[in-house]
Amino acid sequence: MVDGQPGAAVSNAVEIRVAAQPGPLAVMRAVAGDLAIRADFDVDAIADVRLAVDEACATLVALALPGTWLTCRFRTEHDRLVFTAEVVGEHAAGPRTDTFGWRVLTALADEISSGHDPVGDGTHVVRVELAKSRVEVPG
């Protein structure tokens, strides 16, 4: 279901769900790199996207409850790639923004935000969203 429309297809959106563990994070890096390549990002921006996705996922995996999922959504919009990742955690707070990892994220992404929403059973969905824009080369 996309935008509330069953059966609606969006060719510029990808969602992947893996165990919230460090091992599967290589999949997210690979998908991020592939989508950035397909969106015609330059080599440096592709590397930035891969690193930012990896850092965001690692940050969230550290907050995830054992046995839960890491859900990642990638969306391309004209000249930018938007990435959202979510896990279920027990703390009513998003990722800390005073860490080295968060500084890395802010350096790599053009936009970044985090948040959390209560699930209702004492747990919370914790999320990180970032965006990276393609640099247009005059020519």
Side-chain angles (χ1 to χ4, degrees):
M1 185 163 72
V2 176
D3 295 330
Q5 302 293 325
V10 174
S11 61
N12 64 346
V14 175
E15 180 175 304
I16 301 172
R17 187 172 79 156
V18 297
Q21 300 173 354
L25 299 187
V27 172
M28 297 308 169
R29 285 191 303 272
V31 170
D34 184 68
L35 291 172
I37 289 168
R38 291 174 188 270
D40 204 26
F41 279 51
D42 65 35
V43 173
D44 291 333
I46 293 165
D48 288 352
V49 167
R50 284 184 177 135
L51 287 170
V53 165
D54 186 61
E55 185 62 37
C57 289
T59 298
L60 289 174
V61 164
L63 299 174
L65 287 171
T68 59
W69 298 100
L70 169 67
T71 302
C72 298
R73 294 176 196 89
F74 299 86
R75 188 175 73 247
T76 54
E77 301 174 342
H78 305 290
D79 66 342
R80 63 188 220 142
L81 178 67
V82 179
F83 171 75
T84 305
E86 297 177 337
V87 296
V88 175
E90 63 183 345
H91 301 291
R96 289 182 46 197
T97 59
D98 63 347
T99 64
F100 176 73
W102 193 262
R103 286 186 182 264
V104 168
L105 282 171
T106 59
L108 295 170
D110 297 327
E111 300 170 28
I112 184 161
S113 64
S114 67
H116 60 91
D117 296 312
V119 175
D121 60 358
T123 62
H124 293 77
V125 173
V126 182
R127 101 182 45 73
V128 171
E129 182 169 291
L130 59 90
K132 181 75 175 174
S133 296
R134 181 179 65 229
V135 176
E136 295 295 329
V137 179

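All residue numbers in this chain count up from 1 along the given sequence.
Residues Arg127 and Asp117 meet the side-chain proximity criterion, which asks for heavy atoms closer than 4.5 Å. In this structure, Leu51 and Val104 have side chains that are not in contact, with every pair of non-hydrogen atoms separated by 4.5 Å or more. Counting only heavy atoms from C-beta outward, the side chains of Val128 and Pro95 approach each other to under 4.5 Å. Residues Leu108 and Lys132 form no side-chain contact, since every pair of their non-hydrogen atoms from C-beta on lies 4.5 Å or further apart.
Residue pairs that meet the ring-ring contact (aromatic ring centres under 6.0 Å, His included) test with at least one member in residues 80-99, sequence neighbours left out, are Phe74-Phe83.
Note: Leu70 CG to Leu63 CG = 11.0 Å, rounded to the nearest 0.5 Å. If you take CG on Leu25 and SG on Cys72, they are separated by 8.0 Å, rounding to the nearest 0.5 Å.
Nearest heavy atom pair, residue Ile46 against residue Ala36, reads CG1-CB, 3.9 Å. Summarising the geometry of Ile16 relative to Val14, their closest heavy-atom pair is CG1-CG1, 4.0 Å, with the distance given to 0.1 Å.
Residues forming a side-chain hydrogen bond (donor to acceptor under 3.5 Å, both in side chains) with Thr84 (at least two apart in sequence, or on another chain): Glu129.
In terms of modelled atom types and a separation under 3.5 Å, the side chain of Arg134 and the main chain of Ala39 share a donor-acceptor contact.
Looking at Asp54 and Arg50, no side-chain N of the basic residue comes within less than 4.0 Å of a carboxylate O on the acidic one, giving no salt bridge.
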